Q: 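Below are the structure tokens for one structure; questions will follow.
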Number of protein chains: 2
Amino acid sequence: MSTPRYATIKEALRSQISQGILSPGDRVSSENQLAAEFSVSRMTARRALLELAEDGVVLRSQGLGSFVADNRPISSITQIRDIAEEIAQRGHQHSCHVLQQIETSADSTNALQLGLKPGERLFYSEIVHMEDGVPIQHETRRVNPRMAPDYLAQDFATNTPSAYLSAVAPLTEAEQSVEATLADADNAATLGTEKNSACLKITRRTFSERGVVSLAVLIHPGDRYRLGSHINY
Amino acid sequence: MSTPRYATIKEALRSQISQGILSPGDRVSSENQLAAEFSVSRMTARRALLELAEDGVVLRSQGLGSFVADNRPISSITQIRDIAEEIAQRGHQHSCHVLQQIETSADSTNALQLGLKPGERLFYSEIVHMEDGVPIQHETRRVNPRMAPDYLAQDFATNTPSAYLSAVAPLTEAEQSVEATLADADNAATLGTEKNSACLKITRRTFSERGVVSLAVLIHPGDRYRLGSHINY
DNA sequence: AAGTGGTCTAGACCACTTG
DNA sequence: AAGTGGTCTAGACCACTTG
């Protein structure tokens with residue numbers, strides 16, 4: 001399976017931007033020009049530009065052309081931080097229990113989310129993170145083996161899954177949702193809370209350049225954890 | 001300028017989903033089927049499905065088909081949006097009950113947070129927001145009278161507090177925290193949920209150029225609301 | 001008038017999943 | 001074998017912006 005042509009065009013433009021050949025505000029080649037340069041149909045060149053626009057790399061305007069966008073600053077709110085780092089920054093002690101670290105197979109839902117085939121193998125880990133000895137996060141994570149083949153050999157007591165994955169498959173994108181749930185018996189036992197107490201559940205899908213890296217579900221006791229953000233306009 | 005055909009197809013599918021004709025997990029018509037049904041080329045039907053997938057409305061899988069995604073509302077953590085707008089954008093109907101809209105005085109905590117002196121007057125409102133008649137947010141808000149002197153004269157049934165405040169004191173900054181709590185008897189009654197069900201609680205302080213504008217506490221039923229974000233690096 | 005992006009067609013071949 | 005989505009072509013007409 002070779003790289004699609006629209007992807008080649010995207011890559012070429014991205015690299016021109018990161019090398020400074022194209023700067024924010026510069027006009028990039030038009031659909032017709034790209035079609036000619038890369039010997040593809042206009043629809044294929046168009047797709048490359050459309051996807052770059054979706055990713056916020058270019059801005060497009062009918063009649064005018066496509067232009068390199070400003071490099072968006074990363075807002076501190078949305079930053080994904082390693083929990084061990086976060087705890088260390090508060091001046092507290094991080095520790096954890098690795099409950100599971102195994103190979104298993106993808107059910108149809110996990111397969112869809114991770115970009116695997118149903119039944120294909122995946123790595124699974126389950127860890128409880130503690131701050132000064134008090135459990136604050138129950139992490140369950142499903143990992144795409146193609147992105148991190150040595151996942152099962154890691155010692156997560158010294159280096160968290162998040163830290164390890166960031167090193168082997170640098171984060172390019174993340175999708176997350178936050179919801180409130182009740183602790184089931186399992187959550188209650190691992191987190192040392194009451195059953196049916198309020199929990200904050202974060203579901204996070206992380207992407208690297210080559211695709212989906214992992215799918216993490218993070219459960220926090222509602223009375224010991226909050227998410228904060230500061231937004232500037 | 002007429003509506004593009006792919007937009008018509010998207011709208012038709014969205015409406016089937018919101019009417020319950022299609023439920024999460026259901027398979028939607030294939031590209032070829034939609035092309036035939038709507039008398040368009042496959043590329044046009046395809047575009048409709050692709051955009052719905054981008055919006056998180058459907059999940060697509062080669063060889064399998066396209067499936068309706070989990071349709072629980074997901075709203076952005078990183079952006080503060082008026083709930084009425086948010087609901088309208090999902091194609092649903094917003095309505096609300098104004099429970100209270102009064103002048104009261106600041107206790108020491110509120111005073112500190114709003115930059116007032118203890119005992120100084122402040123405005124207080126309490127509203128339940130509904131999406132298609134179903135309660136999804138219980139909003140309690142304390143407002144700095146200096147920033148919005150006419151707050152008590154507003155009709156929040158037609159213009160939400162958030163929309164009104166944005167107009168009179170444009171948002172320059174916001175601080176928020178997200179946590180999980182259990183519904184108390186009052187929450188349960190106003191939101192129509194069980195007591196001790198999981199709730200998402202957002203505490204938000206908004207700032208304008210001249211200082212703190214308001215302090216809002218937003219309670220959402222955990223099973224009807226999610227927060228989401230998409231991060232690009 | 002010439003160029004840009006926006007929409008659309010009617011085909012094609014492919015990889016993938018299921019019966 | 002039949003159906004699905006993924007990629008791609010070579011055209012077309014359109015609305016929009018600029019010289």
Side-chain angles (χ1 to χ4, degrees), chain A residues 1-13 22 25-69 105-121 144 146 210-212, chain B residues 1-13 22 25-69:
Chain A
M1 163 77 202
S2 64
T3 327
R5 302 190 192 187
Y6 68 84
T8 308
I9 301 174
K10 281 177 73 175
E11 206 33 67
L13 290 172
L22 285 170
D26 285 356
R27 179 145 143 197
V28 309
S29 304
S30 73
E31 296 177 357
N32 283 316
Q33 288 166 343
L34 288 173
E37 283 172 36
F38 289 88
S39 304
V40 297
S41 73
R42 186 188 146 211
M43 288 297 274
T44 298
R46 174 179 176 71
R47 174 158 181 183
L49 286 174
L50 280 177
E51 293 194 3
L52 288 173
E54 256 163 49
D55 296 346
V57 174
V58 302
L59 299 168
R60 288 159 62 75
S61 182
Q62 192 175 22
L64 285 173
S66 302
F67 303 86
V68 179
S105 63
D107 65 21
S108 58
T109 307
N110 292 328
L112 255 174
Q113 293 168 319
L114 281 168
L116 300 174
K117 293 172 206 155
E120 206 173 345
R121 73 194 189 113
N144 184 339
R146 287 196 285 272
R210 288 153 42 234
V212 183
Chain B
M1 165 74 200
S2 64
T3 328
R5 303 191 192 187
Y6 69 83
T8 308
I9 301 174
K10 282 177 73 175
E11 206 34 67
L13 290 173
L22 286 171
D26 285 357
R27 180 144 143 198
V28 309
S29 304
S30 71
E31 295 177 356
N32 283 315
Q33 288 168 342
L34 287 174
E37 282 171 37
F38 288 88
S39 305
V40 297
S41 72
R42 186 186 146 212
M43 287 297 275
T44 298
R46 175 177 174 73
R47 173 158 181 185
L49 286 174
L50 280 177
E51 293 195 2
L52 288 173
E54 257 163 47
D55 297 347
V57 174
V58 301
L59 299 169
R60 289 160 61 74
S61 182
Q62 191 175 23
L64 283 173
S66 302
F67 302 85
V68 179

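Throughout, a chain's letter reflects where its sequence line sits, starting with A, and its residues are numbered from 1. Note that the coordinates shown come from a computational prediction; the quantities given were computed from them, not determined experimentally.
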Q: For Arg5(B) and Leu49(A), find the nucleotide of DNA chain C closest to each by heavy atoms; which residue's nucleotide sits nearer the 5' end?
A: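 On the 5' side of the pair lies Leu49(A).
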
Q: Out of dG6(D), dG6(C), dT9(D), which has the shortest distance to the side chain of Arg60(A)?
A: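 Among dG6(D), dG6(C), dT9(D), the one nearest the side chain of Arg60(A) is dG6(C).
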
Q: In residues 27-35 of chain A, what residues come within less than 4.0 Å of DNA chain C, judged by heavy atoms?
A: Arg27(A), Ser30(A), Glu31(A), Gln33(A)

Q: At under 4.0 Å, does any side-chain N or O of Tyr6(B) touch on OP1 or OP2 of dT7(C)?
A: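 Checking dT7(C) against Tyr6(B), a side-chain N or O does come within under 4.0 Å of OP1 or OP2.
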
Q: Sequence neighbours excluded, which residues qualify as salt bridge (Lys or Arg N to Asp or Glu O under 4.0 Å) partners of Arg5(A)?
A: none

Q: Do the side-chain N or O atoms of Arg46(A) get closer than 4.0 angstrom to the phosphate oxygens (OP1, OP2) of dG6(C)?
A: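 So the side-chain polar atoms of Arg46(A) do come within 4.0 Å of the phosphate oxygens OP1 or OP2 of dG6(C), strictly under.
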
Q: Expressed as a whole number of angstroms, how long is the span from Leu64(A):CG to dG19(D):C1'?
A: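 After rounding, the reported distance stands at 13 Å.
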
Q: Any side-chain N or O of Thr44(B) less than 4.0 Å from the OP1 or OP2 oxygen of dT7(C)?
A: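 No.
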
Q: Determine which bases of DNA chain C form Watson-Crick or G-U wobble pairs with both distances under 3.5 Å, and write the result as a 5' to 3' dot-bracket string with | for other-strand partners.
A: |.||||||||||||||.|.

Q: I want to check one thing: is the phosphate of dT7(C), taken as OP1 and OP2, less than 4.0 Å away from some side-chain N or O of Arg47(B)?
A: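 Arg47(B) to dT7(C) OP1/OP2: side-chain N or O found under 4.0 Å.
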
Q: Taking 4.0 Å as the cut-off, does a side-chain nitrogen or oxygen of Ser66(B) come that near to OP1 or OP2 on dG5(D)?
A: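 Answer is yes, contact under 4.0 Å.
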
Q: The side chain of Met43(A) is closest to which nucleotide in this list: dT4(C), dG11(C), dC8(C)?
A: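 The listed nucleotide nearest to Met43(A)'s side chain is dC8(C).
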
